[in-house]
Amino acid sequence: MSDKLPLGPNSPPWWQLIRWIKSPLSYQKECAQSYGDIFTFRMTGFPPFVVIGHPRGVKEIFSQAPHNFDVGRSNYIVQPLVGDNSLFLYDGQRHQRERKLLMPPFHGSNLESYAQLIGEIASQVAAQWQEGQRIIVRKAMQEITLEVIIQVIFGIAEGERYQQIKPLLAEMLDVTDSPLGSSFLFLKFLQQDWGSGSPWGRIKERKKQIERLLQEEIEARRFLAPELGKDVLSLMMSAQDEEGQPMTDAELKDELLTLLFAGHETTATMLAWAFYEILRHPSILAKLKKELAGSENLAPLEIAKLPYLNLVCQEVLRFYPVIPIIFPRLAKTSMEIMGYHLEAETWLTPSIYLVHHREELYPEPEKFKPERFLERQYSPYEYFPFGGANRRCLGAALAELEMKLVLAAIISQYELSLAQKKSIKPQRRGLTMAPAGGVPVICQQKRRLVVKQLQNVS
Ligand code: HEM
């Protein structure tokens with residue numbers, strides 16, 4: 001057993017940082033080929049961190065007691081976006097309390113109540129498409145997922161506040177979403193507020209305006225308390241911790257922004273990848289269409305259970321990790337991981353990408369094959385698109401539901417084709433890995449529903 005950090009690239013730390021920001025997936029792959037299933041990155045501005053690309057190591061990490069790690073501290077780069085009272089940033093009991101308060105809206109019958117709305121939002125956004133129009137799928141999916149956040153999470157569906165908050169959120173997401181914007185998050189020295197003309201100043205100003213609108217919304221709801229709806233904000237406002245304490249206004253606002261940043265870009269990106277893979281594999285598209293053809297009268301939750309749709313979504317989540325590594329864990333005690341004795345204060349992180357592309361787990365890993373999930377059951381250490389243990393994605397069930405309902409609504413109503421033949425590579429956008437160019441498609445035809453509506457008329 002070794003008590004040194006595992007080997008890793010010996011290039012200068014500034015170069016490691018540049019490569020990490022620019023191409024985190026190919027860089028990880030290269031390092032795994034050179035150094036094996038566990039290796040250490042050393043980057044300017046960050047402590048060394050150990051990347052794990054083997055299910056054994058993932059199991060050793062996910063099976064630790066939660067108090068053996070701090071995670072919130074590693075997420076500090078998102079603090080300027082989400083504020084101090086964010087689940088992302090908490091550890092220990094505070095994190096446990098906040099998760100319990102935030103959990104109910106994302107489970108069971110509450111999810112059911114969002115399903116109808118999600119399908120409607122997808123259909124409304126797509127209804128603007130014209131035949132022959134070139135559509136950037138990622139942009140369209142961002143429109144849908146932003147609407148889902150505003151309506152399902154914030155519970156704001158119309159009126160003046162809706163009109164005001166939507167462009168502000170879109171603008172704030174836009175800044176952090178560009179490759180340049182990502183650099184603002186990683187490089188603290190760029191975070192200079194030189195007024196609203198400077199990029200960072202603009203982010204801060206927009207954040208203030210959004211917070212003011214959210215505060216107004218919270219106060220308006222208090223007067224309507226007995227009639228609180230089922231949206232996530234309403235459920236958060238009625239939740240109480242074990243001591244009977246509700247969430248403070250500052251917590252409510254910061255957690256809404258947390259859910260916005262956690263849920264918008266991630267889901268839109270996965271949907272864009274899903275469309276890309278489906279459209280470039282005619283046999284997959286045909287199977288999906290066949291399955292959906294029989295689903296006209298199904299309730300949204302039944303659509304979400306369709307088996308082939310489920311396999312396709314599982315494979316998308318395997319193939320394209322939305323973030324290059326899951327939240328880094330800071331060991332608070334010494335521990336043994338993959339034969340290394342690691343001291344307390346070591347940063348560790350499982351890599352979804354490396355594990356999901358292991359040949360012995362996923363034969364022909366670079367091929368998109370939904371059926372592989374019929375052939376084998378995977379453990380939570382072999383397949384973990386939503387991370388794991390006490391930090392597992394809070395919105396996983398909502399995200400999967402959203403992916404399935406949006407795909408079903410659009411694929412059953414529209415005939416789309418890829419606008420270009422050349423393959424699309426992942427590119428860092430903000431904190432996520434998104435398809436470069438956003439997946440341009442051509443809307444060939446608006447289909448079935450239009451035909452069906454016409455039939456009903458005649
Ligand atoms: C397909 C879409 C999504 C993917 C692939 C995804 C993936 C992830 C991953 C990998 C993590 C880190 C887990 C870890 O380190 O163990 C995470 C955390 C989180 N996600 Fe998601 N996510 C998605 C959508 C959403 C949505 C829609 C929401 C809510 C609206 C959401 C809310 C969160 C929150 C709050 C956390 C932090 C959990 C904590 O620190 O306890 N995510 N997500």
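Ligands are counted one by one from 1 in listed order, and the atoms in each one are counted from 1 as well.
Among all non-hydrogen protein atoms, the one lying nearest atom 36 (C) of ligand 1 is F88 CE2, 3.8 Å. Considering only non-hydrogen protein atoms, atom 1 (C) of ligand 1 sits nearest to M270 CG, 3.5 Å.
With salt bridges taken as basic N to acidic carboxylate O contacts below 4.0 Å, one links R19 and E30. For K287 and E291, the salt-bridge test fails: no basic side-chain N is under 4.0 Å from an acidic carboxylate O. Using a cut-off of 4.0 Å between Lys/Arg side-chain N and Asp/Glu carboxylate O, R318 and E315 are scored as salt-bridged.
At least one heavy atom of I153 sits less than 4.0 Å from an atom of ligand 1.
Note: an N/O pair closer than 3.5 Å links G388 and ligand 1 by distance alone.
Inter-residue side-chain proximity for D249 and R222 is flagged as met; some heavy-atom pair is nearer than 4.5 Å.
Separation of the F46 and F41 ring centroids does not fall under the 6.0 Å cut-off.
A donor-acceptor contact closer than 3.5 angstrom links the side chains of E265 and Q142.
Among R329, M403, E255, E402, the residue whose heavy atom lies closest to atom 14 (C) of ligand 1 is R329.
Protein nitrogen, oxygen and sulfur atoms, that is N, O or S, within less than 2.8 Å of atom 21 (Fe) of ligand 1 amount to 1.
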